[in-house]
> 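Pasting a structure here, questions to come.
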Amino acid sequence: MPEKNKKKQRGFFADTWHRLCKSRLAVLGMIVLVIFALLAIFADQIAPYPYDLQNLEKIGLSPCAEYLLGTDNLGRCMFSRLVYGARISLRIGFISVSISLLAGGTLGAVAGFYGGKADMIIMRCLDVMMAIPSVLLAIVISATLGTGVRNLMIAIGISSIPSFARIVRASTMGLRGQEYIEAARLSGCSDFRIITRHILPNILAPVIVQVTLGLALAILNASSLSFLGLGVQAPYPEWGSMLAAGRSYMRQYPHMVLYPGLAIVFLVLSLNMIGDGLRDALDPRMKN
């Protein structure tokens with residue numbers, strides 16, 4: 001009985017956090033994500049060298065006391081470049097997902113709330129976008145806008161709009177006929193107020209999960225575009241561009257591709273584990 005009372009007293013976020021912490025994989029993912037976040041925030045203090053500092057006398061060094069992860073083909077510290085790369089990758093991920101969430105959430109809410117012609121027009125346009133693989137769509141947009149961090153974030157953000165729009169639309173359609181929505185409409189609330197104050201707060205669960213998984217996909221797509229030469233350009237140390245630069249030196253300096261590849265794997269895997277944990281924690285069927 002006391003345990004049940006504690007569950008009733010806990011709020012939505014506290015209860016979600018409590019159940020999320022029961023998942024070992026989700027906790028491990030959060031630990032890894034926090035490590036990368038700290039590296040990104042305190043990159044200036046953690047990195048022993050500037051990311052673009054070249055030492056042509058120490059090209060291709062293996063990991064040693066002076067260079068923890070060795071040096072690349074230009075004598076730059078691999079550890080410093082990976083630390084600054086975490087800052088770039090996380091910034092690209094968060095901003096591109098914010099673009100997708102804002103645009104896709106708005107379109108999905110309008111389509112789901114009003115239905116009819118608005119829903120048909122919006123969803124048919126999104127169906128056209130979804131017919132193109134997100135990476136390919138991002139490549140087309142990035143090639144059109146040009147290279148650079150800002151254009152890369154815009155390209156990835158636009159390519160991920162349909163997934164957010166469909167989730168928000170489906171959740172909105174399930175709520176628009178509820179009694180409290182009708183009560184809000186009869187009390188004189190505007191459509192904007194109903195959507196923002198009564199619908200959006202009640203569809204946070206699937207949106208939060210999609211944000212987490214979308215962040216992992218955005219970072220992976222950013223690395224892919226940079227690897228193809230359509231993303232972050234030298235000398236900025238984005239992990240995908242670091243892989244592309246080390247591709248020609250895999251046999252001589254294998255650590256040039258090993259460490260950026262592992263960084264991408266660990267960050268994306270941690271976000272996926274957090275997303276899976278959130279999905280279970282927010283699922284009402286998983287509650288005891």
Side-chain angles (χ1 to χ4, degrees), residues 7-38 40-41 89-113 126 130 134 153 156-176 178 180-181 192 194-222 266-288:
K7 289 184 179 181
K8 291 181 180 179
Q9 293 174 359
R10 284 199 296 260
F12 170 77
F13 290 104
D15 186 52
T16 300
W17 174 258
H18 177 74
R19 285 185 282 116
L20 180 63
C21 291
K22 291 182 179 180
S23 172
R24 294 182 179 179
L25 289 178
V27 172
L28 178 60
M30 287 188 289
I31 293 173
V32 174
L33 180 59
V34 168
I35 292 174
F36 278 109
L38 291 175
I41 295 171
S89 294
L90 287 174
R91 184 178 63 165
I92 292 173
F94 279 109
I95 295 180
S96 60
V97 167
S98 299
I99 294 172
S100 304
L101 178 61
L102 181 61
T106 301
L107 292 174
V110 171
F113 185 78
L126 294 178
M130 292 195 69
S134 60
M153 292 186 294
I156 296 174
I158 294 176
S159 65
S160 301
I161 286 176
S163 57
F164 284 91
R166 292 179 70 89
I167 288 177
V168 173
R169 171 183 176 270
S171 302
T172 302
M173 291 180 67
L175 292 179
R176 67 181 182 183
Q178 297 294 319
Y180 70 92
I181 299 297
F192 179 78
I194 292 174
I195 293 174
T196 56
R197 297 294 299 274
H198 299 286
I199 291 181
L200 293 183
N202 288 289
I203 62 174
L204 282 178
V207 172
I208 291 174
V209 175
Q210 181 61 30
V211 166
T212 307
L213 299 177
L215 182 59
L217 182 60
I219 293 173
L220 193 60
N221 287 342
F266 286 140
L267 180 56
V268 172
L269 182 61
S270 68
L271 289 167
N272 282 329
M273 290 191 295
I274 295 172
D276 291 340
L278 280 171
R279 182 181 57 198
D280 295 338
L282 294 167
D283 189 350
R285 294 172 297 182
M286 301 294 291
K287 295 181 180 181
N288 295 325

> Heavy atoms only: give me the nearest Ile181-His198 pair and the separation to one decimal.
CD1-CB, 3.8 Å
> Below 4.5 Å, heavy atoms only, C-beta onward: do Leu107 and Phe164 meet side chain to side chain?
no
> With side chains defined as the heavy atoms from C-beta onward, is the minimum distance between Ile92 and Ile219 less than 4.5 Å?
no
> Do Arg279 side-chain atoms and Val209 backbone N/O form a donor-acceptor pair below 3.5 Å?
no
> Would you give the length of the straight line joining atom CD1 of Ile203 to atom CD of Gln210, rounded to the nearest 0.5 angstrom?
12.0 Å
> Got a second to check how far Ile167's CD1 is from Ser163's OG, nearest 0.5 Å?
6.0 Å
> Could you state the interatomic distance from OG1 (Thr212) to CD1 (Ile274), rounded to the nearest 0.5 Å?
7.0 Å
> Are the side chains of Phe113 and Ile194 in touch, meaning some heavy atoms are under 4.5 Å apart?
yes
> Is a side-chain donor or acceptor of Ser159 paired with a backbone partner of Ile156 at a separation under 3.5 angstrom?
yes
> Working to the nearest 0.5 Å, report the span between CG of Leu204 and OG1 of Thr16.
10.0 Å
> Just how far is it from atom CG of Leu220 to atom OG of Ser134, taken to the nearest 0.5 Å?
9.5 Å
> Is any side-chain heavy atom of Met130 closer than 4.5 Å to one of Arg166?
yes
> Could you pull out the closest heavy-atom pair between Gly108 and Val168, with the gap in Å?
C-CG1, 3.9 Å
> Determine yes or no for a side-chain-to-main-chain donor-acceptor pair under 3.5 angstrom, with Ser96 supplying the side chain and Gly93 the backbone.
yes
> I'd like to check Leu267 versus Val32 (side-chain heavy atoms, cut-off strictly below 4.5 Å). Are they in contact?
no
> Rounded to the nearest 0.5 Å, how far does CZ of Phe36 lie from OG of Ser270?
6.5 Å
> What's the shortest heavy-atom distance between Ala216 and Asn272, and which atoms?
CB-OD1, 3.7 Å
> Ignoring hydrogens and angles, tell me if any N or O in the side chain of Ser23 forms a donor-acceptor pair with the backbone of Leu20 under 3.5 Å.
no
> Does a side-chain heavy-atom distance below 4.5 Å link Leu213 with Leu271?
no
> Does Tyr180 reach the side chain of Leu175, with side-chain heavy atoms less than 4.5 Å apart?
yes
> Looking at every heavy atom in both Ala165 and Leu126, which two are closest together, and how far apart are they?
CB-CD1, 3.4 Å
> How close do Arg169 and Ala111 get, counting heavy atoms only, and between which atoms?
CD-CB, 4.1 Å
> With side-chain contact (heavy atoms from CB on, under 4.5 Å) as the criterion, how do Asp276 and Leu25 come out once you've worked through the C-alpha distance, each side chain's angles and the decisive distance to 0.1 Å?
CA-CA 9 Å; Asp276 291 340; Leu25 289 178; over 6 Å; no
